[in-house]
Undergrad: 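One structure is given below, represented as structure tokens, and several questions about it will come after.
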Amino acid sequence: MPFLGLDIGTSAVKAVIVDQTEAVLADGEETLATARPGPGLSEQNPQDWLAAVERILARWRADKAAILASVEGIGLSGQMHGSVCLDEADQPLLPVILWNDSRAVAEAAELNRDHPELAWQLGVPAAPGFTAPKLLWLSRHRPELMARLRRVLLPKDFVRLWLTGEHVSEMSDGAGSWWLDEARRDWSDKALAATGVERRQMARLVEGSEISGHLRPDIAGRFGLKPGIPVAGGAGDAMAGAIGIGAIDDGAFISLGTSGQFFVPGSAYRPLPDKFLHAFCHAVPGRWIQMAALLNGASCLAWAAGLVGEPIEKLLAEVAAQPARPGAVMFLPYLAGERTPHNDALATGVFSGMTGGTGKADLIRAVLEGVAYSFADAAACLEEAGTTLGEAAVIGGGARSALWVQILADVLGMPLKRYRGGEKGPAFGAARLARVAVTGEDIAAIATKPPVLDLAEPRTELTQAYAEKLAAFRRLYQATKAAR
């Protein structure tokens with residue numbers, strides 16, 4: 001009984017089909033483009049997501065038709081916080097404003113100033129990348145579009161609309177909108193009113209493991225799927241990744257994808273907005289998460305590799321050939337601003353400490369270490385909030401690099417494990433949620449942890465050396481902020 005998981009990411013759409021033994025029967029990926037029409041702006045065309053899904057399904061119909069025809073359910077995962085604004089015909093009014101867009105800085109600050117109490121209800125203070133401040137921005141700067149707004153969806157839920165014809169979201173993705181009452185697991189009328197949005201313009205909410213709708217016959221017919229198969233609620237990408245590695249009640253992990261998260265699940269809602277930790281609903285009933293959200297992860301490495309014009313693998317090999325010690329060059333990885341712990345949309349990237357002898361490998365090491373330092377800031381926030389961190393897993397594209405994981409372990413002073421098959425990620429978690437929605441099985445029984453691939457133990461002498469560099473990293477941020 002196979003299940004299909006679709007992940008609508010920022011850099012790509014990824015898809016997997018897995019059977020009940022969790023063997024991967026098919027996988028596919030289509031790259032997405034992001035437009036940056038001005039400083040601090042980041043947009044995508046939502047039709048590109050549909051086109052990417054169509055290309056994957058068309059390839060599968062050509063070479064895996066029998067597998068596709070046997071799929072019993074579909075689960076969705078997606079990048080969080082994006083604003084898909086639809087008119088009365090369900091057509092996008094403008095490009096989707098993404099999670100790493102900073103145009104709504106003033107609106108987020110206004111919401112925090114005028115409604116400080118909402119941070120405790122919604123799990124975190126407002127940030128420019130969240131959906132709600134973007135709608136307030138739209139009402140101020142594009143009132144003619146706001147007047148035509150009939151529905152607001154999150155990215156994966158636009159794909160759900162195409163699949164099912166239903167306007168539905170689920171708790172974990174809704175949690176990142178800054179409209180969800182996290183404890184009640186329902187839209188907050190006060191938050192909606194504060195941003196000029198009405199409940200009738202919002203999607204219906206389900207749990208991630210519930211059925212949200214059924215596959216439209218025309219879509220099924222085009223790609224050889226069974227018409228009417230259930231589509232599960234699914235999850236935001238971080239929570240779908242957690243489901244994929246069995247992090248439901250426990251199991252802290254670092255997600256090192258385009259952005260980064262330090263994620264700790266649990267069975268209680270524990271908001272601590274003054275630390276800018278995210279206390280959000282998990283993708284299954286009765287579960288919540290604490291998450292430090294970093295806007296810059298493996299994207300920094302991709303940017304740096306493009307800057308020097310060489311493949312990432314070659315550059316990583318050059319860094320690995322260097323002596324194992326902190327580099328002389330320091331990098332602030334805030335190419336898209338930063339959320340935890342700074343909530344600073346205007347923060348920028350900085351290289352510091354370069355000389356005439358600085359080479360490409362020195363710059364790449366600085367990037368790897370700079371991202372690691374930002375995770376150390378995240379860990380400090382979690383620990384200050386009373387969360388005990390013993391060890392953690394690392395998932396996401398950046399986890400493919402054993403070198404980077406070892407640097408993270410050394411900086412954090414914490415053992416870090418990689419899972420075998422952990423790269424399957426959010427799409428795999430979405431397929432697990434589809435299975436639960438169809439079969440009614442216990443999610444805890446299905447969402448087991450993968451076998452451990454390897455364990456990176458922190459090296460004491462390097463952890464001590466990195467602690468000194470971490471202090472300098474923090475001073476560098478404060479100095480650049482003061483200069484701004």
Undergrad: Quick one: side-chain hydrogen bond (donor to acceptor under 3.5 Å, both in side chains) pairs with a partner in residues 232-249, sequence neighbours left out?
TA: Asp249-Arg287
Undergrad: Please give me the minimum heavy-atom distance between Leu136 and Ala194, naming the atom from each residue.
TA: CD1-O, 4.1 Å
Undergrad: Does a side chain donor of either Trp179 or Thr195 reach within less than 3.5 Å of an acceptor in the other side chain?
TA: yes
Undergrad: Please list, chain by chain and in numerical order, all residues satisfying ring-ring contact (aromatic ring centres under 6.0 Å, His included) with Phe276, sequence neighbours excluded.
TA: His278
Undergrad: Quick check: do Glu369 and Lys469 have side-chain heavy atoms less than 4.5 Å from each other?
TA: no
Undergrad: Would you please say whether a donor-acceptor pair under 3.5 Å links the side chains of Tyr477 and Asp344?
TA: yes
Undergrad: Would the number of heavy atoms belonging to other residues, nucleotides or ligands and lying under 6.0 Å from CD of Glu144 be above 12?
TA: yes
Undergrad: Cation-pi check for Trp288 against Arg185: NZ or CZ below 6.0 Å from the six-membered ring centre and within 45 degrees of the axis, yes or no?
TA: yes
Undergrad: How close do Gly236 and Ser172 get, heavy atom to heavy atom, and via which atoms?
TA: N-OG, 3.0 Å
Undergrad: Is it true that a side-chain atom of Arg204 and a backbone atom of Ser212 form a donor plus acceptor pair closer than 3.5 Å?
TA: yes
Undergrad: Test salt bridge (charged side-chain N to carboxylate O under 4.0 Å, His left out) on Arg103 and Glu43 and set out the steps.
TA: CA-CA 11 Å; Arg103 73 186 69 188; Glu43 301 175 345; 2.8 Å; yes
Undergrad: List for me each residue that meets side-chain hydrogen bond (donor to acceptor under 3.5 Å, both in side chains) alongside Glu29, sequence neighbours excluded, and say none if there are none.
TA: none
Undergrad: Output yes when Lys481 and Glu338 qualify as a salt bridge under the 4.0 Å nitrogen-oxygen rule, no when they do not.
TA: no
Undergrad: Would the distance check show the side chain of Trp187 and the main-chain N or O of Ala203 forming a donor-acceptor pair, the cut-off being under 3.5 Å?
TA: yes
Undergrad: Among all residues two or more places apart in sequence or in another chain, which pass the ring-ring contact (aromatic ring centres under 6.0 Å, His included) test with Phe253?
TA: Phe263
Undergrad: Donor-acceptor pair, Gln79 side chain versus Gly9 backbone, under 3.5 Å?
TA: yes
Undergrad: Testing the basics here: between Gly349 and Leu335, what is the closest heavy-atom pair and its distance to 0.1 Å?
TA: CA-CD2, 3.9 Å
Undergrad: For a quick check under 3.5 Å, do Trp99 and Thr10 share a side-chain donor-acceptor pair by atom type?
TA: yes
Undergrad: Side chains of Pro128 and Pro133: does their closest heavy-atom pair fall under 4.5 Å?
TA: no
Undergrad: Between Asp189 and Arg199 (salt bridge meaning N to carboxylate O under 4.0 Å), is one present in this structure?
TA: yes
Undergrad: Using the salt bridge (charged side-chain N to carboxylate O under 4.0 Å, His left out) rule, take Asp362 and Arg365 through it: C-alpha gap first, then chi angles, then the decisive distance, then the call.
TA: CA-CA 5 Å; Asp362 301 309; Arg365 174 176 286 278; over 6 Å; no
Undergrad: Counting only pairs under 3.5 Å, give me each side-chain donor-acceptor contact of residues 33-42, with atom names and distances, residues two or more places apart or in other chains.
TA:
| residue | atom | partner | partner atom | Å |
| --- | --- | --- | --- | --- |
| Thr34 | OG1 | Gln44 | NE2 | 3.0 |
| Ser42 | OG | Asn100 | OD1 | 2.7 |

Undergrad: Considering only heavy atoms from C-beta outward, does the side chain of Glu207 approach that of Val284 to under 4.5 Å?
TA: no
Undergrad: Should the ring pair Phe130 and His81 be called parallel, tilted or perpendicular, given that the plane angle runs from 0 to 90° and is split at 30 and 60?
TA: tilted
Undergrad: May I ask you to decide if Gly123's main-chain N or O and Tyr269's side chain share a donor-acceptor pair within less than 3.5 Å?
TA: yes
Undergrad: Sub-3.5 Å donor-acceptor pair from the side chain of Lys156 to the main-chain atoms of Ile8, do we have one?
TA: no
Undergrad: Among pairs that include at least one residue of residues 293-306, which meet side-chain hydrogen bond (donor to acceptor under 3.5 Å, both in side chains), considering only residues two or more places apart or in two chains?
TA: none
Undergrad: Do Asp7 and Ser77 have a side chain donor and acceptor closer than 3.5 Å?
TA: yes
